[in-house]
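Comments concern the structure below.
Just so it is clear: chains get the letters A, B, ... in the order the sequence lines come, proteins before strands, and each one is counted from 1.
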Amino acid sequence: MTANASQIPRAYNAASVEPRVYQQWQDQGYFTPDVDPDKQPFCIIMPPPNVTGELHLGHALTASIEDALCRWRRMMGDAALWLPGKDHAGIATQWVVERLLAEEGLSRHDLGREKFLERVWEWVAQYGNTIDEQHKRLGASCDWSRLRFTLDPGPALAVRTTFVNLYNKGLIYRHERIINWCPRCATALSDLEVEYEETDGKLYHIKYPLADGSGGSITVATTRPESMLGDTGVAVHPDDSRYQDLVGRQVILPIMERPIPVVADAALDMEFGTGALKVTPGHDLLDFEIGERQGLEIINIIGFDGNLTAAAGKYAGVERFQARREVAAELESLGALEKVEDYNHSVGHCQRCDAVVEPLISLQWFLNVGKHDDPASIAGRAHAAVANGDIKMVPDRFSRVYLNWLENIRDWCISRQLWWGHRIPVWYCAACPDPIASIDDLTGCPNCGAEDLRQDPDVLDTWFSSGLWPHSTLGWPDDSDDLGYFYPTTVMETGYDILFFWIARMIMMGIENTGDIPFRTVYLHGLVRDAQGAKMSKTRGNTLDPLDLIELYGTDALRFALTTGTAPGNDLRITEGKLEAARNFANKVWNAARYVMTGLEGQTALEGWSDLPALEHREDRWIVSRLDRVTVEVGEALESFELGEAQQKLYEFVWNDFCDWYIEMAKIRLRSGVGPSPLPVLAHVLERTLRLLHPFMPFITEEIWQNLMARLPSEGDRPASIMIAPYPQAQPPRADRQAEEEVNLVMQAIRAVRNTRAQLRIPADRPLPAQVQADGFQQAIEEEAQVIQALSRVEPLQVLSGDSPASDAMNGVTLVVNPLVVRLPLEGVIDLSAERQRLEGELDNARKNLARVENLVSNPNFRAKAKPEVVQNEEERFRSLTDQTRRLEEIISQLGG
RNA sequence: GGGCGGUUAGCUCAGCUGGUUAGAGCGCCUGCUUUACACGCAGGAGGCCGGAGGUUCGAGUCCUCCACUGCCCACCA
């Protein structure tokens, strides 16, 4: 383990490190929390990916965020449970297996239900855990011992229990009504599973003659002329003066030659089309409702297979879009087609297969969720939970979207005509009139004892079981320890695209079943898009495989790239540049660590590295003060779910403060051996930084941490892994304003000299003599002289007191780093007038700033109304600018001319 | 039709409750094989924070309107 520093590879090798480290974590049982009353529970239920799923960047984003939160809370001492799962994904999985069968020339009907389900289970056994293994590559610290599948006995019992309870309450019911039907998937869909797309279509104006033979007619407009075969009425608005005299009369439906009534219904939009609507209650939602109100007949002319039915007369058996063309043609030949206009409207498509959805009448199961303003209803309680703040959403704007959805919610069609899924636990007895809902499988009728029972053939919408997920995974309906301890869960984290599908359902079902909310906070992340901002999709071919990216950049870099520089709820683009930046950062951390560990080689005087009891040196006090400031900022960012902000802060601290400045300063002390050794501080800052970074970059931090700890004397309890080490907390006494101010001055002076060199093209290695007037900071500058000399290559450096510049310094450049004045005698390199011009430019700038601040500070309104610390800041700035202006004026006057 | 975002440096984006001279990464320009790192170091250029009003001592940040753009919802016959 304690390899020589020389044996530490020059670059971090993700591929060899990561699987090994992950295995160690898992073997140690770190992912599996105990139910521990002395700890605070923290629980995230992972959104269960589909068993058919391959890890994509959306999963990777989900996992990166959830893992970071879990690792952070675990290090904070919570009993952190991240519970993984998988979803049986009814339609998606059935499709995959049916496609495989099709390759054998078989359909599921050839196999029969039982054999088919066996095949699906075989498929799941063989391929269903791909995504789990992929999650492990991401470093997911989830508790695999608690892994749940939606069809496992536990969740299945939860589904049946819920169904039976709701059935017994009368909230789940079976009804014949108009639903969304996908002819390709041959199943009913919920409203949510229909996606509307703007489509260029036609608006057909069809003339229906009056039945009285008067020669009069009424013209209706439709985008689906074939549906007229099922018309059972024509509706007009009751206030529409054009049609007053037609209401109550009959018209003749062309082609079908069927008399149908003209009715008045207020749902009509008088402005639209001709103001008259053909009513097809069998195939249109609005028409269905009008039909119900007006007592119109329902005729089904489109069948479940998408072909026209016998009720369509001579069009029976014709495919629906073919029928559209043929009906339009026939209407035209009959002279009933008044006109056809181009028309853009939105058409519903099946979310799964993209076929055009057909509204039709069918016998289905529904869940009555009630109204949002009924506090006793499912929707009402789900509404209240968010409205009253029991459940908080991040970002908050999604609360309104959610509430608005619930305010318009309708009953949920929960039955699907599939085989793969939770079969509806209802049996029909040949001898009894009422269906029987039962948690246990029935073999005989509980009412009459008859054995002629038939179970409902349908399965439940996949989202029905998903809706129970937070409590069903924890053991409900049993009163399990996990349920008591981890429920309500802490955070639900997922993409905003499933706010209605999943989040809303979990809130509804969670409260219904347990009486308590399923989670306290909902964190919604955005969609991962490609570099051009396009949605990633397989058909577009613009998907990036996270595993490829891991191979190229490393897991930590991928995770960092996905979660830095983004805000909750905002879509993000993943680009090569971001991935490279993240990888470079990982490399930076690795090399900083390599440097520190090289320094530790063979050292013995490292006592106190873990808590640095007495810091003498200004630079040490500075970096520790900065470290603690960052520690506070990172903690606060995490508390408010601002992961990107936390990582940004850490990035800047590591790269700028620690690497660019502290390590460079420490090198000088290490070389000279003068003053206290910076090694304990280097070790301390590195070790804490690793812990701060660990939730975001778990692998590289663990690998370095193990290496580092092996080189450091044991002080206090030493955990076996960084992932169970405590998350760093700031120690207020270490905040050191003075050290920060002094080191800042030193850095500014160094920058000023470097800048001058670059401007004047003076080679970096050519030593320049310099004088510093260190008004009030003599001691600090004298003590930091070595650093200033080394980092800006000034040699020799003369520190002057007060305002007594050596006269020979006047032929050169004077840098005002208020309150310091740095003089670089550069005879011949720069002429007096150019220098004078430069200084006057600076003075100009300073005066402008001074005027602005003076204005502010002298404004009584500002003094009265601004926060005291703001006033104080501005006053300080005023003094400093006054000072700077005075210095510049003096210097310019000394230049003469 | 209703609602919600976005519009900040050439590109991709941060900027939380209004308070220094608005930041980062990438890209660009100038120098550097400085023994942790060229996946690097040092220096630099580049922004009327979409437009117009308003509130305020003070606005990228709050309010109103407008423009462009993306998304969500809706029974657009």
Side-chain angles (χ1 to χ4, degrees), chain A residues 5 8 10-12 196 203 220-224 227 235 267-269 272-280 284-290 343-346 359 395 397-398 400-401 404-405 408 496-497 499-500 526-527 531 533 553 557 564-567 569-578 580-599 636-637 640 642 644-645 648 651-652 659-660 663-664 667 751 754-759 761 763-765 791 793 845 848-849 852-853 855-856 859-867 869-871 873-874 876-877:
Chain A
I8 300 170
R10 288 178 69 88
Y12 167 63
Y196 290 89
L203 189 61
V220 296
T222 179
T223 53
R224 297 187 297 157
S227 70
L268 271 280
D269 175 5
F272 191 92
T274 62
L277 167 71
K278 57 184 278 306
V279 185
T280 322
D284 184 279
L285 186 56
L286 176 66
D287 292 11
F288 178 81
E289 287 171 3
I290 293 173
Y343 186 64
N344 186 271
H345 62 135
S346 66
R397 65 185 134 94
F398 287 109
R400 270 167 295 153
V401 180
N404 183 262
W405 183 75
N408 297 295
Y496 64 72
D497 53 329
L499 179 59
F500 306 144
L527 270 42
Y553 301 100
T564 306
T566 64
N570 287 2
D571 292 351
L572 59 115
R573 299 186 192 197
I574 191 80
T575 61
E576 211 177 312
K578 269 185 202 170
E580 278 175 5
R583 181 208 50 197
N584 294 354
F585 179 57
N587 181 255
K588 192 73 181 175
V589 173
W590 182 261
N591 276 291
R594 212 160 60 89
Y595 174 77
V596 172
M597 287 190 273
T598 310
E636 285 172 353
S640 49
E642 289 160 3
E645 199 67 9
Q648 194 62 45
Y651 181 98
E652 283 162 15
C659 292
D660 288 348
I663 287 181
E664 293 307 315
K667 281 177 184 173
R751 280 204 188 100
R754 285 170 171 174
N755 179 319
T756 306
R757 265 183 195 284
Q759 305 266 300
R761 304 191 176 281
D765 53 0
L791 298 186
R793 288 295 177 95
N845 204 22
K848 242 180 268 172
N849 276 323
R852 202 176 37 76
V853 177
N855 215 1
L856 202 55
N859 184 331
N861 267 325
F862 170 72
R863 306 193 70 91
K865 291 178 184 172
K867 277 181 279 186
E869 64 263 34
V870 173
V871 176
N873 276 346
E874 294 298 326
E876 213 163 283
R877 206 150 67 89

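Distance CZ (A:R573) to P (B:C13): 4 Å, rounded to an integer number of Å. When rounded to the nearest whole Å, the span between NZ of A:K278 and P of B:A77 equals 11 Å.
Side-chain proximity of A:N587 to B:A77, B:A36, B:C39: nearest is B:C39. Which of B:C72, B:C41, B:A77 sits closest to the side chain of A:F500 comes down to B:C72. Side-chain proximity of A:N584 to the nucleotides B:A14, B:G40, B:A24 is greatest for B:G40. Counting only heavy atoms from C-beta on, A:R594 has its side chain closest to B:C37 among B:C37, B:C75, B:G19. Ranking B:C76, B:G44, B:A14 by closeness to the A:E645 side chain, first place goes to B:A14. Listed nucleotides B:C75, B:G43, B:A24 differ in distance to A:R754; the shortest reach to its side chain belongs to B:G43. Closest to the side chain of A:R400, from the set B:G44, B:G5, B:A24, is B:G5. Ranking B:A24, B:A14, B:C57 by closeness to the A:N570 side chain, first place goes to B:A14. Among the nucleotides B:G43, B:A77, B:G19, the one closest to any side-chain atom of A:N755 is B:G43. Of all nucleotides listed (B:C76, B:G5, B:C41), B:G5 comes nearest to the side chain of A:R397.
A:T223 comes within 4.0 angstrom of the backbone, heavy atoms only, and of no base. Base engagement by A:L268 is indicated by at least one non-hydrogen atom pair under 4.0 Å involving a base atom. Within 4.0 Å (heavy atoms only), A:R751 reaches sugar-phosphate atoms of the nucleic acid but no base atom. Counting any heavy atom pair closer than 4.0 Å across all strands shown, A:F585 reaches no nucleic acid atom. Contact annotation for A:E664: base contact, defined as any heavy-atom pair under 4.0 Å involving a base atom. Within 4.0 Å of A:R583, counting heavy atoms only, lies at least one base atom of the nucleic acid. Within 4.0 Å of A:A276, counting heavy atoms only, lies at least one base atom of the nucleic acid. When heavy atoms are screened at a 4.0 angstrom cut-off, A:E642 is found touching base atoms of the nucleic acid. Among the heavy atoms of the strands lying under 4.0 Å from A:K578 are primed sugar atoms or P, OP1, OP2 only; no base atom is included. Contacts of A:V401 with the nucleic acid, taken as non-hydrogen atoms under 4.0 Å apart, are absent. Counting non-hydrogen atoms under 4.0 angstrom, A:R757 reaches nothing in the nucleic acid. Backbone-only engagement by A:R10 is indicated by non-hydrogen atom pairs under 4.0 Å involving sugar-phosphate atoms exclusively. Within 4.0 Å (heavy atoms only), A:N404 reaches no atom of the nucleic acid at all. Using a 4.0 Å heavy-atom cutoff across all strands shown, A:A567 reaches sugar-phosphate atoms only and no base atom.
Look at B:U64: its Watson-Crick or wobble partner, with both distances under 3.5 angstrom, is B:A52. Checking B:G5 for Watson-Crick or G-U wobble geometry (two distances, each under 3.5 Å) identifies B:U69 as its partner. Base pairing of B:G43 is made with B:C29, judged by Watson-Crick or G-U wobble geometry with both donor-acceptor distances under 3.5 Å.
From A:I574, atom CD1 reaches atom CG of A:L572 across 6.5 Å, with rounding to the nearest 0.5 Å. Rounding to the nearest 0.5 angstrom, the gap separating the CG atom in A:L499 from the CZ atom in A:F398 is 7.0 Å. For the atom pair CG of A:L203 and NE2 of A:H345, the computed distance is 8.5 Å after rounding to the nearest 0.5 Å.
Counting distance only, with no hydrogens placed and no angle test, the side-chain atoms of A:K588 and the base atoms of B:C37 include a donor-acceptor pair under 3.5 Å.
A salt bridge links A:D284 with A:R224; the closest basic N to acidic carboxylate O contact falls under 4.0 Å.
Taking side-chain N and O atoms only, A:K667 has a distance below 4.0 Å to OP1 or OP2 of B:A36.
In this structure, A:R757 contributes its side chain and A:R793 its backbone to a donor-acceptor pair below 3.5 Å.
Counting only heavy atoms from C-beta outward, the side chains of A:I8 and A:T598 never approach each other to under 4.5 Å.
Cation-pi check for A:K667 over A:Y595 is met; the charged atom lies under 6.0 angstrom from the ring centroid and within 45 degrees of its normal.
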